[in-house]
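These notes are about the structure you will find just below.
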Amino acid sequence: MMIQTLRDRSSFHHWLHHRYSTPAGSGSSVDRKTKDVENYELLPKHEKALLSLTSMGYTVEEASAAVERCGPDASIGEITDFICAAQMAKTEAVFYEEEKPKKLFTSNGKLKRKKFHELEAHKRKKQKGPLTEEDEVIRLPNPMIGFGVPSGSTAITHRTLPDAAVGPPFFYYENVALAPKGVWDTISRFIYDVQPEFVDSQYFCATARKRGYVHNLPIKNRFPILPLPPRTIHDALPMTRRWWPEWDPRTKLNCLQTSYASSRLTDRIRKALEKWGESENVPEDVRKYVMYECRKWNLVWVGKNKVAPLEPDEVEMLLGFPRNHTRGGGISRTDRYKSLGNSFQVDTVAYHLSVLKDIFPNGINMLSLFSGIGGAEVALHRLGIPLKNVVSVELSEANRDIVRSWWEQTNQKGNLVHLADVQQLNPDKLEQLMRPFGGFDLVVGGSPCNNLAGSNRVSRDGLEGEQSALFYEFPRILDLVKCIMNGQNEN
DNA sequence: AACACCATGAGAAATCTT
DNA sequence: AAGATTTCTCATGGTGTT
């Protein structure tokens, strides 16, 4: 009966309409969320919180950022804890300190490209009036530490989830933090209005990775996997230390991406440096040029005057994967870079998932959407959480091969089922998959970022872009899982 | 202003297939 | 050897936050 209901609403567009809201310009569409918020806004709790915080001596910036992150239901104590944690992390983090360059080595401005993520832009049509829901855009926290990171002395340990978000199952969704405006609002709205936790992996390892995570996991008593990964470039890549010029102040790498610097570029850099002899003789403007390219392309020093992009091995290690995880078995070098660049940072994700260890001492059943090279699987394994049944959905055959190889190499006792296309996962199929073990304890997924990522110069179209629109599969399937599990419980 | 950003696509080169 | 396919090389801005 429940399944029948699901089948009725399984038409994607019908379902989309059910949940989608276009706040601006479409007064006709009545939306559940819009209504709720309008009522709620009648009592602006966060305004009150802001007032008391500023009266306590915090700056408006600190206070508003903290209130935004902690949510309107947070107590003043929780909010001040957050501000405290933020201040601590700020003083700890000393990155990229340097004199400001006078010249930019970018190419000249060109003709304006066509309209950018028109839909999102349309949503925030200027309504300069009092704070309405449409202006309530999710903002990124600074520092980007989410509810807390391992080295932070204080962390937020409590939050109030919307009723609809409370598990089972637990869910964990991930995507790039720096998405076009409005994207995270939409993502949050589609996943039971859970506020994203934005975290930069530079607080976990030697490389930055700014991501948003929407999840309903407990946030108390998190712990990192051991051993802790190297936290600086020098510790992660000790061979580079010898060649690192004193005027390169980097201690952390920038985000690891899917494309890498050309040999021509590193050649140009070598030639630019060679004529000056020792590195201390390199003039200021050349240093600026070299540093600009090094930051842009994550180059490291591998010899005298020689910079190089990271090897796949090194990317693997920085992201927390076992050595050779993506190596061999028929994957090309290019695809290896691509698969790694699109992956989780294992230590970061594991920290968030660590709370599951006490809840599921005998192991978990997991649905993994957009699995990629299995970041979530690796994280759980490293945490010592047994994997009982894993249904992994991943389009790329090369990636599926990687996960399957890892599964066999690590002598998993559980059962791994691989599927290719999330769009093919209908209620019947899902019900059939879940029947042997009752249901999923955890649903994980990081949907395609192609049309959200800042590096995309061609088709950064937002959530409606060709690949990134697959995001909607996550809440669709999560809903299905939830319904099927409730249906089974009723029987 | 400075800076960072899970990328894409055209064309060349290498490799595989017939 | 010719054609088909895969892999590699390289250049290509703009948005949003600080």
Side-chain angles (χ1 to χ4, degrees), chain A residues 61 65 90 93 95-118 120-121 124 137-144 174-184 198 200-202 207-213 250 252-268 288 291-298 309 315 318-319 330-345 348-349 370 372-373 375 396 398-399 445-462 465-468 471:
Chain A
E61 287 78 13
K90 205 165 201 167
F95 303 113
Y96 313 128
E97 280 191 348
E98 195 190 0
E99 328 79 280
K100 45 205 98 111
K102 49 176 78 169
K103 193 177 168 191
L104 238 190
F105 294 89
T106 50
S107 51
N108 296 338
K110 284 199 150 172
L111 284 177
K112 257 292 188 33
R113 262 180 19 87
K114 76 170 183 103
K115 214 41 176 300
F116 176 76
H117 65 279
E118 210 162 330
E120 264 78 22
R124 51 194 154 92
V137 219
I138 293 179
R139 293 192 49 180
L140 300 178
N142 183 25
M144 201 180 278
E174 177 262 12
N175 216 320
V176 291
L178 285 75
K181 276 194 173 165
V183 165
W184 275 107
F198 292 103
D200 189 340
S201 292
Q202 69 165 307
T207 181
R209 207 166 185 79
K210 297 175 183 65
R211 296 294 180 271
Y213 305 89
R250 291 176 298 161
K252 302 272 184 183
L253 291 161
N254 285 334
C255 185
L256 303 175
Q257 304 189 150
T258 58
S259 60
Y260 288 83
S262 66
S263 56
R264 278 198 183 172
L265 176 66
T266 55
D267 192 48
R268 281 199 294 271
K288 294 297 174 200
M291 286 313 305
Y292 171 77
E293 298 291 2
C294 282
R295 290 194 169 106
K296 185 172 172 185
W297 292 103
N298 261 336
V315 180
L318 288 162
L319 291 178
I331 190 173
S332 74
R333 188 182 166 86
T334 311
D335 283 346
R336 206 176 160 198
Y337 275 124
K338 188 185 234 176
S339 293
L340 285 163
N342 285 316
S343 169
F344 288 169
Q345 206 287 324
T348 311
V349 171
F370 315 102
I373 58 175
S396 155
N399 286 345
S447 65
C449 69
N450 306 37
N451 313 111
L452 312 179
S455 296
N456 189 344
R457 305 169 177 193
V458 181
S459 54
R460 195 184 186 190
D461 305 321
E466 188 181 349
Q467 289 85 18
S468 295
F471 154 74

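When reading the values below, keep in mind they use all heavy atoms of this one structure, side chains included, and skip hydrogens, waters and symmetry mates. Numbered from 1 within each chain, the chains take letters A, B, ... in sequence-line order.
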Legend entry - A:C255 and A:R211, any side-chain heavy atoms less than 4.5 Å apart: yes
Legend entry - Close side-chain approach of A:L265 and A:E293, heavy atoms under 4.5 Å: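 A side-chain contact exists here, since the closest heavy-atom pair is under 4.5 Å.
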Keeping [X] on the side-chain end and [Y] on the backbone end, is there a donor-acceptor pair under 3.5 Å?
X	Y	answer
A:S339	A:R336	no
A:T207	A:N254	yes
A:N456	A:N450	yes
A:R209	A:L256	yes
A:Q467	A:S447	no
A:R460	A:A453	yes
A:N451	A:D461	no
A:S468	A:P448	yes

What is the distance, to the nearest angstrom, from the [atom1] atom on [X] to the [atom2] atom on [N]?
X	N	atom1	atom2	answer
A:Q202	B:dC3	CD	P	16 Å
A:N456	C:dA11	CG	P	19 Å
A:D461	C:dG14	CG	P	15 Å
A:K296	C:dG13	NZ	P	10 Å
A:L253	B:dC5	CG	P	10 Å
A:N254	B:dA4	CG	C1'	6 Å
A:R457	C:dT15	CZ	P	13 Å
A:N342	B:dC5	CG	P	15 Å

Phosphate OP1/OP2 of [N]: any [X] side-chain N/O under 4.0 Å:
X	N	answer
A:R295	B:dA4	yes
A:R139	C:dT18	yes
A:S455	B:dA7	yes

Please tabulate, one pair per line, each protein N/O and nucleotide N/O from nucleotides 11-18 of chain B that are separated by under 3.5 Å, including the distance.
none

Inset, instruction - Report yes if a donor N or O on one partner sits less than 3.5 Å from an acceptor N or O on the other, where the partners are the side chain of A:R211 and the base of B:dC6; otherwise report no. - result: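 Flag set: donor-acceptor pair detected.
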Inset, instruction - Kindly write out the residues that satisfy salt bridge (charged side-chain N to carboxylate O under 4.0 Å, His left out) with A:K338, not counting sequence neighbours, or none if the list is empty. - result: none
Inset, instruction - With a 4.0 Å heavy-atom cut-off, tell me which residues in residues 446-454 of chain A come close to DNA chain C, sorted by residue number. - result: A:G454
Legend entry - Separation between CG of A:L340 and CG of A:L318, rounded to the nearest 0.5 Å: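 Interatomic distance, A:L340 CG to A:L318 CG, rounded to 0.5 Å: 10.0 Å.
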Legend entry - Watson-Crick and G-U pairing of DNA chain B, under 3.5 Å, as dot-bracket with | and [ ]: |||||.||||||||||||
Inset, instruction - For nucleotides 4-10 of chain C, just jot down a letter per nucleotide in 5' to 3' order: B, S or -, based on protein non-hydrogen atoms under 4.0 Å. - result: ---SS-S
Inset, instruction - Kindly assign one of parallel, tilted or perpendicular to the pair A:W184 and A:F198, based on the angle between their ring planes and the thresholds 30° and 60°. - result: perpendicular
Inset, instruction - Give the nucleotide from the list B:dC6, C:dT17, C:dA11 with an atom nearest to the side chain of A:K181. - result: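 The nucleotide sitting nearest to the side chain is C:dT17.
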Inset, instruction - Please measure how far the C1' atom in C:dG13 lies from the corresponding atom in B:dC3, and state the result in whole Å. - result: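 Pairwise C1' distance, C:dG13 against B:dC3, rounds to 14 Å.
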Inset, instruction - Please identify each residue that fulfils ring-ring contact (aromatic ring centres under 6.0 Å, His included) with A:Y213, with sequence neighbours left out. - result: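 Counting only residues at least two positions away or on another chain, A:Y213 forms a ring-ring contact (aromatic ring centres under 6.0 Å, His included) with A:Y172, A:H352.
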